[in-house]
Amino acid sequence: MPRLMKHIFPLNRHLIQRLGFAGLTVMAFLTVLPIVAVVIYIIVQGAPAISLEFLSDFPRGGMREGGILPAIIGTIYLTIGTAVFSVPLGIAAAIYLSEYAADTPLTRTIRIAIINLAGIPSVVYGLFGLGLFVLFLRFGTSILAASLTLSIMTLPVIISTAEEALRSVPQAFRTVSISLGATRWQTIRRIVLKEALPGIITGVILGLERAAGETAPILFTGAAFFLPRLPHSPFDATMALPYHLFVISTQVPEMPIKIQYGTALVLLVFVLAMNVTATFIRSRARAKRQW
Amino acid sequence: MNKILIESLSLQYSDGTESLRNVSMEIPANAITVLFGPAGGGKSTLLRCLNRLNDLADVQVVEGKVLIDGENILAPQTDVIALRRKVGMVFARPVVLPMSIRANLTYGLELAGEKRRSKLDEAVERSLRLAALWDEVKDRLDDPAIALSGGQQQRLCLARSLALQPEIILLDEPTSGLDPISTGKVEAALQELKKDYTIVLVPHSVQQAARTADYAAFFLQGELIEYGEGSVIFTAPKEKRTEDYITGRFG
Ligand SMILES: Nc1ncnc2c1ncn2[C@@H]1O[C@H](COP(=O)(O)OP(=O)(O)OP(=O)(O)O)[C@@H](O)[C@H]1O
Ligand SMILES: [Mg+2]
């Protein structure tokens, strides 16, 4: 029988391999296709809305006219606020886990907890933030409460990517540094952190990017439906791009579609720009890496 | 004069491996003392005791004493940072730090608080000359150290520990990855260095041990089997096990 097959299919292994690769290539394209389609669709639909006025003016006419400035500024504030809390804390935690903590049941529990935190639905973070920051700590619906909520959601991403970046720095560098009379902290600061930095920055950006695009965590903690002015302090509520998009897509009747897609486009560009920056940093660091 | 005095040193890793058993030996200044023997004999472990690098490993029990200039460095109150500046180490695989040649050499000094440019430059040149590397790299000190060849990197590692002006240099198979010419350069540098330093070397072969040893110690499974002048050990060892190993009739 196999002999017969060989006669019918004198195809050699080369051809089979070719077919295999071709199949894989097609599938790879198929996965990229929807993403490309979405991006193109949003650009085509949203581009007509983009103008200087759209980017620099307040919404007017029941948000059906004017611009989305307060939402843009609000998302920038929230992203910065999230960074202020989550970046130092996340990096410190990663340094502790990677450089200081021994492998004990406690640290293993911490790691498992971090991994599980990353899987919690974002709306749950929103409720948690409402309970803890808005109500219990009395921060009110504010940039502060929303940033803290987003920070908690972002921390697991930052911690695990930063820890991985730290661990990928060869152990031999640490040994050598210590043998030259460096303390552990000097070694971390002068060698390990420096080498891990691109990886850490990448993780930070990816975490913040997720925070910038989320609606659920800020829904109850800091997002405002409409504000006639920009927020003045961290205790003010703020408009934000993802929430604004939700509002104008579902809560406002007779909304011009152009404005919805224009807002989506701005959010997309905001998030993609962060992503591209992260990719750029990572690839440049790879090229420069000396080990 | 004895620079290092090891008294009944025993060491056990936390997985239960007893890597050194009741080792006692005196290591003289201004000589090359060689620790040799089959794999797993405890040579690296002993070296790492001398600069307390074993603090980083999973060590369960250490007993006995290691006196350097009369002071027990295993004592908990020892200033390990100062100790490691005084006892330099070169590892089997050359590990250059991810920075320039110059920065590799000044790394330890800067950590020790030396900021003066003139002092640092002086240390760079002096240590590179001692490690017989100066002529090869003097025009490219600010290039990344990783761009050097393996043999040059290993001499840079030697120079890097010399830059701290240590008194003792520990070398763990420093030429195991090098070609014969680079190996010769390192060995020649060591012969020069022993005039001023105490050198403890784990060689990568019996031949190297015989070539370089002023004193030689044969280790087998954590025990010091025989210790004496190199000329004696490699020609007329007292112990049968030493002889078997040297003549290749081991195992
Ligand atoms: N960090 C460690 N943790 C646990 N056991 C170790 C550690 N380092 C070494 N050992 C064990 O201690 C014993 C001695 O090892 P050591 O590296 O000192 O031997 P060595 O004489 O240097 O051998 P080689 O010639 O292979 O380098 C071995 O059994 C080894 O498995
Ligand atoms: Mg060894």
Side-chain angles (χ1 to χ4, degrees), chain A residues 91 94-108 111 162-203 281-291, chain B residues 14 44 47-48 50-58 79-101 103-114 127 143-148 153 156-157 159-166 169-172:
Chain A
I91 294 179
I95 290 176
Y96 171 75
L97 286 175
S98 145
E99 308 296 319
Y100 288 100
D103 193 22
T104 62
L106 176 70
T107 57
R108 254 170 291 170
R111 276 203 188 84
E163 191 190 348
E164 196 175 318
L166 292 167
R167 279 186 193 282
S168 72
V169 177
Q171 197 57 39
F173 288 166
R174 297 178 179 84
T175 313
V176 163
S177 173
I178 296 283
S179 79
L180 290 168
T183 62
R184 243 173 168 185
W185 174 240
Q186 286 171 326
T187 303
I188 292 169
R189 202 167 51 83
R190 302 190 51 146
I191 310 275
V192 182
L193 269 182
K194 192 177 131 231
E195 294 305 303
L197 198 58
I200 294 176
I201 293 177
T202 308
I281 292 174
R282 188 165 33 191
S283 63
R284 227 188 47 163
R286 284 236 173 97
K288 265 182 59 188
R289 180 180 282 196
Q290 302 187 354
W291 33 274
Chain B
S14 56
S44 302
L47 275 197
R48 287 196 302 263
L50 303 183
N51 66 350
R52 289 273 299 266
L53 208 56
N54 265 337
D55 289 10
L56 303 183
D58 244 350
D79 177 355
V80 288
I81 305 292
L83 172 71
R84 289 177 189 142
R85 290 194 180 121
K86 181 168 156 178
V87 185
M89 187 162 200
V90 178
F91 302 86
R93 212 165 52 85
V95 178
V96 297
L97 295 172
M99 42 180 87
S100 71
I101 296 172
N104 261 278
L105 294 165
T106 57
Y107 181 76
L109 282 173
E110 282 172 12
L111 290 178
E114 183 59 73
S127 58
D143 285 5
I146 196 75
L148 296 173
Q153 283 185 31
L156 178 64
C157 291
R160 186 174 58 195
S161 29
L162 294 173
L164 279 167
Q165 299 200 284
I169 306 166
L170 313 172
L171 303 107
D172 195 350

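We use all heavy atoms of the structure for the numbers below, so side chains are in, but hydrogens, waters and symmetry mates are not. Chain A is the first sequence line, chain B the second, and so forth, proteins listed ahead of strands; every chain is numbered from 1.
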Reported [atom1]-to-[atom2] distance for the pair [X] and [Y], which is rounded to 0.5 angstrom:
X        : Y        : atom1 : atom2 : answer
A/Leu180 : B/Ile81  : CG    : CD1   : 11.0 Å
A/Ile178 : B/Met89  : CD1   : CE    : 13.5 Å
B/Met99  : A/Lys194 : CE    : NZ    : 4.5 Å
A/Ser177 : B/Arg84  : OG    : CZ    : 10.0 Å

#### Entry: Contact origin within B/Val80 toward chain A - heavy atom pairs under 4.5 Å
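Neither part.
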
### Engaged part of B/Leu56 at the chain A interface, taking heavy atoms whose separation is under 4.5 Å
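When you check distances to chain A, only side chain atoms of B/Leu56 fall under 4.5 Å.
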
### Query
Hey, is CD on A/Glu164 packed in by over 12 heavy atoms from elsewhere, all under 6.0 Å?
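Not buried by this count: 12 neighbours or fewer within 6.0 Å.
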
Mind listing the closest non-hydrogen atom pair of [X] and [Y] along with its distance?
X        : Y        : result
A/Phe173 : B/Leu97  : O-CD2, 4.0 Å
A/Ala172 : B/Arg93  : CB-NH2, 4.1 Å
A/Gln186 : B/Tyr107 : O-OH, 4.3 Å

